[in-house]
There are 2 protein chains.
Amino acid sequence: MVQEDMIIDKHSVIPIYYQLFKYFEKRIRSGDFKPGDALPTEMEIAERFGISRMTVRRAIAELANLGMVYTQKGKGTFVARPKLDNVVFNLDNFYDEVRQKGLECRTKLLEARIIKADPLTAKRLQIDVNTRCLFFRFVITADEEPLAYETKYTIYAKQKPILESELKDSSLSRLAAVHSDSTPVSSKKVLMASQTTEEESEILGVACNTPVILVVQTVYDQNKKPIAWGKTLYRGDRYKLTIYDGWLSGDE
Amino acid sequence: MVQEDMIIDKHSVIPIYYQLFKYFEKRIRSGDFKPGDALPTEMEIAERFGISRMTVRRAIAELANLGMVYTQKGKGTFVARPKLDNVVFNLDNFYDEVRQKGLECRTKLLEARIIKADPLTAKRLQIDVNTRCLFFRFVITADEEPLAYETKYTIYAKQKPILESELKDSSLSRLAAVHSDSTPVSSKKVLMASQTTEEESEILGVACNTPVILVVQTVYDQNKKPIAWGKTLYRGDRYKLTIYDGWLSGDE
DNA sequence: CAGTGGTCTAGACCACGCC
DNA sequence: GCGTGGTCTAGACCACTGT
């Protein structure tokens, strides 16, 4: 147990709680502690390493955040079984993923103008038909090959001109922030499987009825009033959502 | 400012840090603090409410976890701008979503048997072709209507018989845990847009080439060795992934 | 009852940002 | 140098679990 004391360097620039967290993380990953096993009690750890119990608790909190352990009041701290089925898919890595493949990813504006709300947009944004809105169409390309097609609608409260400079890599929430009175605070996205229409096929350069991932996003202000909506079509043959889950190592 | 002291009930069963957290959450949501604004300093809050600085920090940590504030060493704590574009899609709510619509959701086993690894499975599980594996096919139905079709493969290390009882709502990681030597600790899922084959159309009761969401999952043990894989087809006309993002209220 | 984790305190020192 | 958040301590009391 004297060995164990050597694990922690109290005078390191690395926080003690972090060293302790990494120490237990390693021991759990290596199988020294198996799912269901109890960790030593907080007092035991604190005494063994000669540190404060609050510091131990901080380390355990980190482990619990990763889902590697769970605590039970009055009982102890136990190693969790990795849950691999609560899985989330990430969309924010779109550009990163594309770039990681060494491709040049560009957002090209096809169209930006003022329109009168069509029935669908009116319904989505809870406004009257024919209310003035802003309408945008983008194509996202990687090495000149179309990857995704986006159409976006925002309410047009500020009567502010559309600046070219604001259209580079413009996300829906940013468009909404610029042209509406209120601040976007929440958003809803719905992901569906779909197929291209004729028009979409042409823009994406694929055959008609090609499978696509369709994402419809609505952006809301603090009063839950919709202030923008848009849809994005991702070419099913070129784009996938990948996601890793479980006890992932943070250091590799 | 005497009013503010009344916000915190030190003798409540509700922890002080939690009361304080909710207090600031409310004030940020209501717009008393706007994105970019600085919160009072930790010492200021502690003195104002007559509580310890550590307790204040705990409350701020909760806010930071929600992404509502961020801290800067040496500067202060600031209200964040909601990021609505880093969006994740959730698959674990599948059953819940279906049930919330008042439908009865069932997993029906179509087939469970020992097979010899085909080339694809051999590659996916990094084993030799013809190695003995377990093969499962499920259909998930809501009110008797097929919603999803699953095929799953796991390595067959334990030579353990397949128990009917283990096949109720059996996730891939659980199947892997039961029939392999090692514990599943991580998993990879890939989501794609696809179309049904003839066989799949029949099982799902849809026309050929219907759009579907295709999810391929691989389960790994602690040595990153794959121990199971499977694919799930979700009917595109019946299933969507919905996800909310931003500053979500926890209490409504 | 003793032991556990959950909360809280009133200090302390540090590294950092700014003036 | 001063104020900030980040870390850490050595206590304390509580609610809960098991016996």
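The chains referred to below are lettered A, B, ... by the order of the sequence lines, with proteins before strands, and numbering in each begins at 1.
Take Glu62(A) and apply the side chain to side chain contact (heavy atoms under 4.5 Å, CB included) test, not counting sequence neighbours, and it matches Tyr17(A), Phe21(A), Arg58(A). Residues passing the salt bridge (Lys or Arg N to Asp or Glu O under 4.0 Å) test with Arg57(B) are Glu42(B), sequence neighbours excluded. Residues satisfying the salt bridge (Lys or Arg N to Asp or Glu O under 4.0 Å) test with Lys152(B), not counting sequence neighbours, are Glu150(B). Judged as a side chain to side chain contact (heavy atoms under 4.5 Å, CB included), and not counting sequence neighbours, the contacts of Ser30(B) are Asp32(B). With sequence neighbours excluded, the residues that form a side chain to side chain contact (heavy atoms under 4.5 Å, CB included) with Asp181(A) are Ala157(A), Lys158(A).
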TODO: Can you check each nucleotide of nucleotides 3-12 of chain D against protein heavy atoms at under 4.0 Å and return B for base, S for sugar-phosphate only, - for none, in 5' to 3' order?
DONE: BBBBBBBB-B
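His11(B) has its NE2 atom 14 Å from the P atom of dC13(D), to the nearest Å.
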